[in-house]
Amino acid sequence: VFAEPLSQVVARDRDHVDTLTAVSFRRPWPYIVEECIANLYNADVMSTEGIFRQSGKVTEIQDIKSFYDKRKYVSLAGLDHHVVAGTFKLYLRDLPDPLIPYSFYSQFTTLQRNATDRDSLIRDLDALVKSIPHDNKPVLKLLLMLLKKVADNQAVNKMSPSNLAIVIGPNIFKAKDESMLSVMEDSPIINQLTSHLIDFSPYLFTNDAETQ
């Protein structure tokens with residue numbers, strides 16, 4: 001599961017039958033993403049100071065990774081919020097092709113560098129996020145919705161869009177042949193870009209059938 005191509009995991013996890021209701025449905029994202037989102041999208045998490053910034057217990061995160069890599073899809077309910085957030089970040093970081101694929105890196109960073117006003121940036125970001133691979137779009141949309149909810153509670157959790165961007169941006173935006181120097185040079189752009197994606201998330205994926 002971890003370090004596998006996103007499309008491969010989506011294909012394997014897509015068909016699902018609820019064990020309680022026996023109702024079958026098609027899941028458009030990996031089960032690990034669904035579990036992380038479901039357990040992070042609640043009031044307790046939104047009031048947790050430093051969520052996504054503070055590290056969860058590494059041994060617990062590695063245990064979860066080990067279970068999922070063995071196809072033992074354990075529930076994350078009741079776990080420490082920082083552990084679940086850390087698991088989600090690890091999953092994103094380990095993708096062999098990032099959530100924003102390598103082939104889109106320059107398009108996104110160029111767009112941010114050339115941005116002149118808010119309205120045109122929203123319009124261009126909307127068009128660009130709708131052009132990434134269809135398996136990536138639902139995951140990106142879920143992630144941004146979650147981060148926007150976290151940012152909306154920044155008065156309590158201290159995680160503004162810019163603070164979230166610092167810890168999430170490097171996990172979803174990576175250059176194919178990056179060096180330490182290029183990472184440092186691009187870091188401000190990636191932070192701005194990720195912050196804008198969070199801020200503008202309600203206006204993105206408009207009229208996109210694949211993410212409705």
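Residue numbers start at 1 and run along the sequence shown. This structure is a prediction, so every number in the text was calculated from the model and none was measured.
Closest approach of Thr87 to Cys36, counting heavy atoms only: CG2-SG, 4.2 Å. The two atoms that bring Tyr73 and Val1 nearest to each other are OH-CG2, 3.4 Å, heavy atoms only.
Salt-bridge formation is detected for the pair Arg113/Asp186: a Lys NZ or Arg NE/NH1/NH2 atom is positioned less than 4.0 Å from an Asp or Glu carboxylate oxygen. Comment: Lys148 engages Asp152 in a salt bridge, judged by a side-chain N to carboxylate O separation of less than 4.0 angstrom.
Cluster annotation: Phe67 is connected to Ile61 through the hydrophobic network of ILVMFWY side chains, with a link wherever side-chain heavy atoms come within less than 4.5 Å. When hydrophobic clusters are built by joining Ile, Leu, Val, Met, Phe, Trp and Tyr residues whose side-chain heavy atoms come closer than 4.5 Å, directly or via intermediates, Leu147 is grouped together with Leu128. No continuous path of ILVMFWY side-chain contacts below 4.5 Å connects Met145 to Leu99, so the two sit in separate hydrophobic clusters. Under the 4.5 Å side-chain heavy-atom criterion for grouping Ile, Leu, Val, Met, Phe, Trp and Tyr, Ile37 is connected to Met159 within one hydrophobic cluster. Cluster membership check: Val74 shares its hydrophobic cluster with Tyr91, using side-chain heavy-atom separations under 4.5 Å among Ile, Leu, Val, Met, Phe, Trp and Tyr.
Evaluation of the salt bridge (charged side-chain N to carboxylate O under 4.0 Å, His left out) rule for Arg12 yields Glu4 as partners, not counting sequence neighbours. Residues forming a ring-ring contact (aromatic ring centres under 6.0 Å, His included) with Tyr105 (at least two apart in sequence, or on another chain): none. Residues passing the side-chain hydrogen bond (donor to acceptor under 3.5 Å, both in side chains) test with Ser103: none are found, sequence neighbours excluded. Residues satisfying the ring-ring contact (aromatic ring centres under 6.0 Å, His included) test with Phe88, not counting sequence neighbours, are none.
Without hydrogens or angle criteria, Ser195 side chain to Asn191 main chain gives no donor-acceptor distance under 3.5 Å. Gln192 contributes no side-chain N or O that, together with a main-chain N or O of Ile189, makes up a donor-acceptor pair within less than 3.5 Å.
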ask   = Stepwise, does the side chain to side chain contact (heavy atoms under 4.5 Å, CB included) test hold for Val84 with Val45?
value = CA-CA 10 Å; Val84 180; Val45 173; over 6 Å; no
ask   = Going through the checks in order, is the side chain to side chain contact (heavy atoms under 4.5 Å, CB included) test met by Thr48 and Asn157?
value = CA-CA 5 Å; Thr48 299; Asn157 59 43; 5.7 Å; no
Working for side chain to side chain contact (heavy atoms under 4.5 Å, CB included), residues Phe52 and Asn171 = CA-CA 12 Å; Phe52 282 109; Asn171 294 311; over 6 Å; no
query = salt bridge (Lys or Arg N to Asp or Glu O under 4.0 Å) between Asp126 and Lys130: does it pass, once the steps are laid out?
reply = CA-CA 6 Å; Asp126 182 41; Lys130 286 189 288 191; 3.3 Å; yes
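Cluster partners of Met180, by chain and number: Met184. The rule joins Ile, Leu, Val, Met, Phe, Trp and Tyr whenever side-chain heavy atoms lie under 4.5 Å apart.
Applying the salt bridge (Lys or Arg N to Asp or Glu O under 4.0 Å) test to residues at least two apart or on different chains, the pairs with a partner in residues 60-70 are Lys65-Asp69.
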